[in-house]
Amino acid sequence: MKVFLSALENAAASGAGQHLAYYMADKGIRFKYNLMSYFYARKKPELTEFIRDHSELIMIDSGAHSFQKGLHVDWEVYTDEYAEFIQRFDRPHVVGYFEMDVDNVIGYERVLQLRSRLEAVSDKIIPVWHKGRGITEFKRMCEDYAGRIVAVTGFKNEDIQDHQYTMFLKYAWDHGCRVHCLGMTRKKILDSVPFDYVDSSSWLQQSLYGKIAGESAKVSQVTSRARREVVFTQNYLAGIRMQKYYEQRWRHYEK
């Protein structure tokens, strides 16, 4: 299992200081697996490329769910710009790019149309199954994407009940797929379901709330504001330890 730490592109250091990614690189910290959102990355090309070039592996989320509710979005234009980004940004160690899974906004048929636009420029597009698509569509996805990555969501009891993850995983594996579980940070599930990939932003959430992983007390507001990069770095390092732990835990699991 590879745990991708998400949202590093959004972790600004304190005051006018350098971005957290530059700060940590200057400290000699080596990044493992990072997931970034195109929604934010498109506005920070230099930073995004820096994180890409200093990470072992990268994944990119479409960022389609980052738009404010009710905001008018030209999904075709956004998707075409995302496709152009993919062509410029891609490198061998970029694992994949998640599709525009906004079924609940525009319907699955249009999502498929947008997916085809992305697949015209890359064979690394990752489809994301949602319950509304139906079990038959999950099975079809696994058959169509044999040998590639498919994704499900990890939000508790939303698309998949916790006790069902193993069944979904087995079906995908039987068809040669690797499975990414989006937003899966729950230890109980990570300890029992050997996903190929997951992603977590818990390191960033703890930082924003002024907490350091493994410590019960919150950091004072003065410290948190003045030395934001120290708090963020400690939590990112805890995230790296989590990456190493789960990679080792499931290293020898036989599918």
Side-chain angles (χ1 to χ4, degrees), residues 1-4 6 33 35-39 57-67 69 73 75 78-79 82-83 86 94-186 188-190 192-201 246 250 253 255:
M1 179 190 294
K2 288 181 168 55
V3 179
F4 282 71
S6 58
Y33 317 131
L35 183 151
M36 294 184 283
S37 168
Y38 168 65
F39 181 84
L57 296 175
I58 287 287
M59 281 186 164
I60 300 292
D61 182 67
S62 70
H65 295 278
S66 298
F67 287 100
K69 189 174 182 180
V73 180
W75 295 108
Y78 183 85
T79 301
Y82 183 28
I86 290 171
V94 179
V95 178
Y97 305 86
F98 293 93
E99 71 169 335
M100 302 283 295
D101 58 319
V102 284
D103 311 27
N104 61 329
V105 180
I106 62 175
Y108 186 43
E109 288 304 315
R110 281 189 68 193
V111 166
L112 289 175
Q113 293 171 10
L114 298 181
R115 184 194 296 174
S116 67
R117 289 176 183 242
L118 297 176
E119 291 184 330
V121 302
S122 174
D123 61 359
K124 297 182 182 180
I125 307 306
I126 303 172
V128 183
W129 182 81
H130 292 281
K131 183 170 62 176
R133 299 182 183 181
I135 293 297
T136 299
E137 190 60 24
F138 175 81
K139 293 179 178 179
R140 182 181 293 115
M141 175 182 73
C142 293
E143 293 163 5
D144 291 346
Y145 287 81
R148 296 169 61 180
I149 303 171
V150 298
V152 296
T153 63
F155 307 111
K156 189 171 183 178
N157 297 328
E158 185 171 296
D159 282 330
I160 302 174
Q161 300 291 310
D162 286 355
H163 69 277
Q164 297 174 323
Y165 278 117
T166 302
M167 293 184 290
F168 277 80
L169 190 59
K170 185 179 185 306
Y171 189 91
W173 282 353
D174 285 346
H175 289 77
C177 294
R178 288 162 288 157
V179 179
H180 184 107
C181 191
L182 283 160
M184 175 53 74
T185 61
R186 288 176 285 142
K188 179 181 177 181
I189 303 299
L190 296 180
S192 59
V193 184
F195 294 108
D196 296 285
Y197 310 105
V198 298
D199 62 272
S200 170
S201 62
Y246 282 108
W250 295 113
Y253 185 84
K255 296 183 180 181

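Worth saying up front: this structure is predicted, and the values here are computed from it rather than measured.
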Subject >> side chain to side chain contact (heavy atoms under 4.5 Å, CB included) assessment of Leu182 paired with Asp199 >> reply: CA-CA 6 Å; Leu182 283 160; Asp199 62 272; 3.4 Å; yes
**OP:** Determine, for Lys2 against Asp196, whether the closest basic-nitrogen to carboxylate-oxygen distance falls under 4.0 angstrom.
**Re:** no
**OP:** Taking the six-membered ring for Trp and the full ring for Phe, Tyr or His, determine whether the centres of Tyr38 and Phe98 are under 6.0 Å apart.
**Re:** no
Original post:
Does the side chain of Ile58 come within less than 4.5 Å of Leu35's, by heavy atoms?
Top reply: no
Original post:
So which of Lys124, Arg110, Arg115 actually passes salt bridge (Lys or Arg N to Asp or Glu O under 4.0 Å) with Glu99?
Top reply: Arg115
**OP:** Check side-chain hydrogen bond (donor to acceptor under 3.5 Å, both in side chains) between Asp61 and all other residues, then give those that pass, not counting sequence neighbours.
**Re:** none
Original post:
Does Ser200 reach the side chain of Ser6, with side-chain heavy atoms less than 4.5 Å apart?
Top reply: no
Subject >> Spacing of Ile60 atom CD1 and Ser122 atom OG [to the nearest 0.5 Å] >> reply: 11.5 Å
Original post:
Hey, is the main chain of Lys131 close enough, under 3.5 Å, to the side chain of Asp159 for a donor-acceptor pair?
Top reply: yes
Subject >> Close side-chain approach of Val128 to Val152, heavy-atom, < 4.5 Å >> reply: no
Subject >> Spacing of Cys177 atom SG and Ile126 atom CD1 [to the nearest 0.5 Å] >> reply: 11.5 Å
**OP:** Look up atom OG in Ser192 and atom NE2 in His163, then write down how far apart they are to the nearest 0.5 Å.
**Re:** 12.5 Å
**OP:** Scan residues 110-138 for pairs that pass ring-ring contact (aromatic ring centres under 6.0 Å, His included), counting only residues two or more places apart or in two chains.
**Re:** Trp129-Phe138, Trp129-Phe168, Phe138-Phe168
Original post:
For the side chain of Arg178 and the backbone of Trp173, is there at least one donor-acceptor N/O pair under 3.5 Å apart?
Top reply: no
Original post:
What pair of heavy atoms forms the shortest contact from Ala146 to His175, and how long is it?
Top reply: CB-O, 3.1 Å
**OP:** Answer whether the closest heavy-atom distance between the side chains of Arg133 and Asp101 falls below 4.5 Å.
**Re:** yes
Original post:
Could you go step by step and tell me if Leu57 and Phe4 meet the side chain to side chain contact (heavy atoms under 4.5 Å, CB included) rule?
Top reply: CA-CA 8 Å; Leu57 296 175; Phe4 282 71; 4.0 Å; yes
Original post:
Parallel, tilted or perpendicular: which describes the rings of Tyr78 and Tyr82, with under 30° parallel and over 60° perpendicular?
Top reply: tilted
Subject >> Test item: Tyr33 and Val3 side chains (from C-beta on) under 4.5 Å apart, heavy atoms >> reply: no
Subject >> Glu137 side-chain N/O to Gly134 backbone N/O, donor-acceptor pair under 3.5 Å >> reply: no
Subject >> Minimal non-hydrogen separation, Ser37 against Ser66, with atom names >> reply: OG-OG, 4.3 Å
**OP:** Let me see the working for Leu114 and Trp75 under side chain to side chain contact (heavy atoms under 4.5 Å, CB included), right down to the final yes or no.
**Re:** CA-CA 8 Å; Leu114 298 181; Trp75 295 108; 4.0 Å; yes
Original post:
For the residue pair Val102 and Ala64, what are the closest heavy atoms and their distance?
Top reply: CG1-CB, 3.5 Å
**OP:** Determine whether Val95 and Ile149 make a side-chain contact, defined as any pair of heavy atoms from C-beta on separated by less than 4.5 Å.
**Re:** yes
Subject >> Least distance between heavy atoms, Val193 atom then Met1 atom >> reply: O-CE, 3.3 Å
Original post:
OH of Tyr171 to CD1 of Ile135: how many Å apart, nearest 0.5 Å?
Top reply: 10.0 Å
Original post:
Hey, mind stepping through Cys181 and Tyr165 against side chain to side chain contact (heavy atoms under 4.5 Å, CB included) and telling me if it holds?
Top reply: CA-CA 9 Å; Cys181 191; Tyr165 278 117; 4.0 Å; yes
Original post:
Rounded to the nearest 0.5 Å, how far apart are CZ of Arg148 and CG of Asp123?
Top reply: 6.0 Å
Original post:
Side chains of Tyr145 and Pro127: does their closest heavy-atom pair fall under 4.5 Å?
Top reply: yes
Original post:
Say you draw a straight line from NZ of Lys156 to OG1 of Thr185; how long is it, rounded to the nearest 0.5 Å?
Top reply: 11.0 Å
Original post:
Under a 4.5 Å cut-off applied to non-hydrogen side-chain atoms, are Ile86 and Leu118 in contact?
Top reply: yes
